[in-house]
Amino acid sequence: MPEKVLVKLENVKKHYPVRRGWLQRTSARVKAVDGVSLDLYDRETLGVVGESGCGKSTIGRTLIRLEKPTEGKLYFNGTDISELPARAMKPFRSKMQMIFQDPFASLNPRQRVGPALEEPLTIHTSLSKGEKRERVMGLLEEVGLRPDHYDRLPHEFSGGQRQRIGIARALALNPSLIVCDEPVSALDVSVQAQVLKLLRSLQEKHGLTYFFISHDLGVVRHLCDRVLIMYLGQTMELAPVRELYKNPVHPYTEALLSAIPRPVPGRKRERILLRGDLPSPADPPKGCPFHTRCPEAMEICKETRPEWKEIGPGHRVACHAR
Amino acid sequence: MKDPVLTVEGLEVRFQGAAGEIPAVQGASFSVHRGEVLCIVGESGCGKSITSLSVMGLLPGSAEAEGHIRFDGRDLLRLNREEIRQIRGNDISMIFQEPMTSLNPVFTVGFQLMEPLVVHRNLSKKQAFEEAVRLLERVGIPDPGRRMEQYPHELSGGMRQRVMIAIALSCEPKLLIADEPTTALDVTIQAQILELILKLKEDTGMSVILITHDMGVVAETADRVLVMYAGKVVEEADVRTLFEDPKHPYTKGLLRSMPNVDDDTYTLEAIPGTLPKPGEIQQGCPFHPRCPEAMDRCREENPRVFTHRPGHMSRCWLAEEEDQDHAGESVG
């Protein structure tokens, strides 16, 4: 089934300069995202998984142009938006929104929830005061909050409720794409499941596309259609969710999957314990970035970056050994 | 059963707040046996961390603790500051969630490792240095000699947690309390750290209290499990029983709300509602507003503890019918 591509990334790079010394010369570059090519389909949920520093948040922020790519092209609905100036970006802004990990940090502690939710409407629409209020009431109901929450301050809400506010804010302008950056990882498990259910029902109702960033492979399996595994700014593996969990190909994916603690007591299993820590993204290893921890590393891995090759329908992997 | 290392009886912890007394732990009783891992599970605010801080004698000044915490024939709640200081770090050690906040940023790793060795084990500086290097090796830190000279910010998260573990183990404690030791770490590093704690437990025969909210971590590490909700222990069982035959609706809910990695047909079931705020006055069972099986009685009367079989307890009225056959075994 040919699917409509909503966002297209072509060899996108995002490098940050590291400045040192009195002259603030650029002494190094942190390669947060280093050459990512990817299609994000309309109405799908793409899970992006990786350990801290793998560039998953940076790529999410680049996707909605909160960061300008250092190199490469970014298309939204067929339009190249990688270089668009702020003014020209504005119509696209309302179509792409973000939900953050800690919604409390993104809410003004002194602003009541209702007015906070009205702000995007003030900026992007010409609705009257009454219309805005009505829209916000509708949003509150949609995310499972009550009308009387309109006049409350952020501190009066629990973590789960705050995340609902964050979701309502993201929905305000009827976006087509929402980047969710670890939206449930700060929540207690019993509440986490509620928010995941909410995200799923909103997606069905509004035809949303999610770029779902998470380090929790359990959550990703539950919510996502496809999964992208990243390591040190590079894509390691991309596959439909079932395929990835049943048939992981990249040694890093295998290690990640085997590292998750399973809720089955007494089960002895083969855990692939990775040696050592993640290298610094400011000084990533040459060749395949994973070769320093890879149990199957070969000589070629130290020298040449593996090709991003397709090995099955919708299944891509970057590994010399496979 | 082996002899208990630590016995907690009827622990009550209250905080003095502006709005009056806030109960944080209400009547927690449990014991930890030699060489076992006891996991305390629950969500934020359930009192799991406060329970462990009471054992360490590290409660903040606004807190008041009652009950008994017996360790080595002594009641830790009755000791003065100097006496508890002798035990803390020496016989009972603790590691925390965020190792960066528990390591001092202005001292080298080596200095912080050697301090307990000099203070508690009366080693000379030279001996302490050698011992510290040995400890770093033991927790799997490569190039320990160089690491001794480094400051905490120069280490990665997993490395810092290893250093914390090395410090905690430096006096060969009988009991290690680990409060969410892997929550801030990536999964691959989490796997390394859990493996390390279990291996050290095997080697030294120490007991471990592991506090976590992750049922996966519980399944892989625990011998026995306490489930806490709103300051109360709502279920206690050995790990297999807890996963295979959970009795309390909260335990069941926790198990069902955890996304399963191995099963894609699995449907996630959320526990409705939110956790009660601390100090929120509750009549009846604290879980009843969220409980799918709540009865009239649950709204009025706080359930007592029922024993399903030796070692398996729950605090839920549902257990009563089941329990009637062997009435008298239950403890109030």
Side-chain angles (χ1 to χ4, degrees), chain A residues 49-54 144 156-161 184-198 200 214-223 241-242 245-246 252 255-269 271-280 293, chain B residues 41-46 140 142 155-159 182 184-192 194-195 212-223 225 238-244 250 253-264 266-275 277 290:
Chain A
V49 183
E51 298 178 279
S52 38
C54 74
E156 296 175 70
F157 292 90
S158 69
Q161 287 173 320
V184 296
S185 47
L187 304 176
D188 282 307
V189 271
S190 71
V191 179
Q192 172 176 309
Q194 296 173 8
V195 173
L196 290 176
K197 284 192 144 179
L198 174 67
R200 182 173 265 187
S214 179
H215 67 273
D216 187 331
L217 281 154
V219 169
V220 164
R221 168 155 221 173
H222 183 73
L223 194 78
V241 66
R242 276 184 192 208
Y245 285 76
K246 285 219 177 78
Y252 180 57
L256 267 185
L257 284 170
S258 84
I260 310 165
R262 303 302 208 280
V264 186
R267 197 174 88 178
K268 276 274 161 244
R269 52 199 184 77
R271 207 202 301 264
I272 308 164
L273 267 191
L274 289 180
R275 289 161 290 155
D277 292 309
L278 277 144
S280 154
R293 297 172 79 198
Chain B
V41 212
E43 299 174 280
S44 44
C46 73
L155 307 181
S156 67
M159 207 76 98
T182 57
L185 305 174
D186 287 312
V187 273
T188 60
I189 310 294
Q190 163 171 295
Q192 293 173 358
L194 291 178
E195 205 101 326
T212 179
H213 65 272
D214 185 334
M215 281 297 196
V217 172
V218 173
E220 299 212 339
T221 57
D223 296 310
V225 190
D238 66 89
V239 66
R240 220 169 250 272
T241 310
L242 192 91
F243 281 83
E244 283 161 15
Y250 177 62
L254 269 187
L255 289 169
R256 276 197 299 258
S257 58
M258 194 184 152
N260 191 327
V261 194
D262 299 311
D263 181 4
D264 44 22
Y266 186 86
T267 47
L268 201 58
E269 276 180 59
I271 305 177
T274 50
L275 296 151
K277 291 201 187 89
R290 306 177 72 192

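Throughout, protein chains are lettered first and strands after them, A, B, ... in sequence-line order, and every chain is numbered starting at 1.
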Find the distance between [atom1] ([X]) and [atom2] ([Y]) and round it off to the nearest 0.5 Å.
X	Y	atom1	atom2	answer
Glu220(B)	Ile260(A)	CD	CD1	10.0 Å
Glu269(B)	Lys197(A)	CD	NZ	6.5 Å
Ile271(B)	Gln192(A)	CD1	CD	11.5 Å
Leu257(A)	Asp262(B)	CG	CG	8.5 Å

I need the residue from Gln192(B), Met215(B), Met159(B) with the largest number of non-hydrogen atom pairs under 4.5 Å to chain A.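 Of the options given, most contacts go to Gln192(B).
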So which residue, Gly158(B), Ser257(B), Pro142(B), Pro272(B), ends up with the most heavy-atom pairs under 4.5 Å with chain A?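 Of the options given, most contacts go to Ser257(B).
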Given heavy-atom pairs under 4.5 angstrom as the criterion, report whether the side chain, backbone, both or neither of [X] touches chain A.
X	result
Leu242(B)	neither
Ile189(B)	both
Val218(B)	neither
Arg256(B)	neither
Ser44(B)	both
Glu244(B)	neither

If I compare all heavy atoms of Gln194(A) with all of Gly273(B), which pair ends up nearest, and what's the gap?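 Closest approach of Gln194(A) to Gly273(B), heavy atoms only: NE2-O, 2.8 Å.
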Does some side-chain heavy atom of His215(A) sit less than 4.5 Å from a side-chain heavy atom of Val187(B)?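 No, side chains not in contact.
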Any Phe243(B) side-chain heavy atom under 4.5 Å of Val264(A) side chain: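 They are not in contact (no side-chain heavy atoms under 4.5 Å apart), so the answer is no.
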Among Gly218(A), Gly144(A), Pro265(A), Gly160(A), which residue forms the greatest number of heavy-atom pairs with chain B at distances under 4.5 Å?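 Answer, by heavy-atom pair count under 4.5 Å with chain B: Pro265(A).
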Among Val219(A), Asp188(A), Leu196(A), who wins on heavy-atom pairs under 4.5 Å with chain B?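 Looking at each option in turn, the highest pair count goes to Asp188(A).
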Main-chain N/O of Ala259(A) paired to Gln190(B) side chain as donor or acceptor, under 3.5 Å: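 Here the side-chain-to-backbone pair does not exist.
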Can you tell me if Glu43(B) and Ser190(A) form a side-chain donor-acceptor pair at under 3.5 Å?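 Checked: Glu43(B)/Ser190(A) side chains pair up, N/O donor to acceptor below 3.5 Å.
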Should Thr188(B) and Glu51(A) be marked as a side chain to side chain donor-acceptor pair (under 3.5 Å) after you check the CA-CA gap, both sets of side-chain angles, and the distance that decides it? CA-CA 8 Å; Thr188(B) 60; Glu51(A) 298 178 279; 2.3 Å; yes
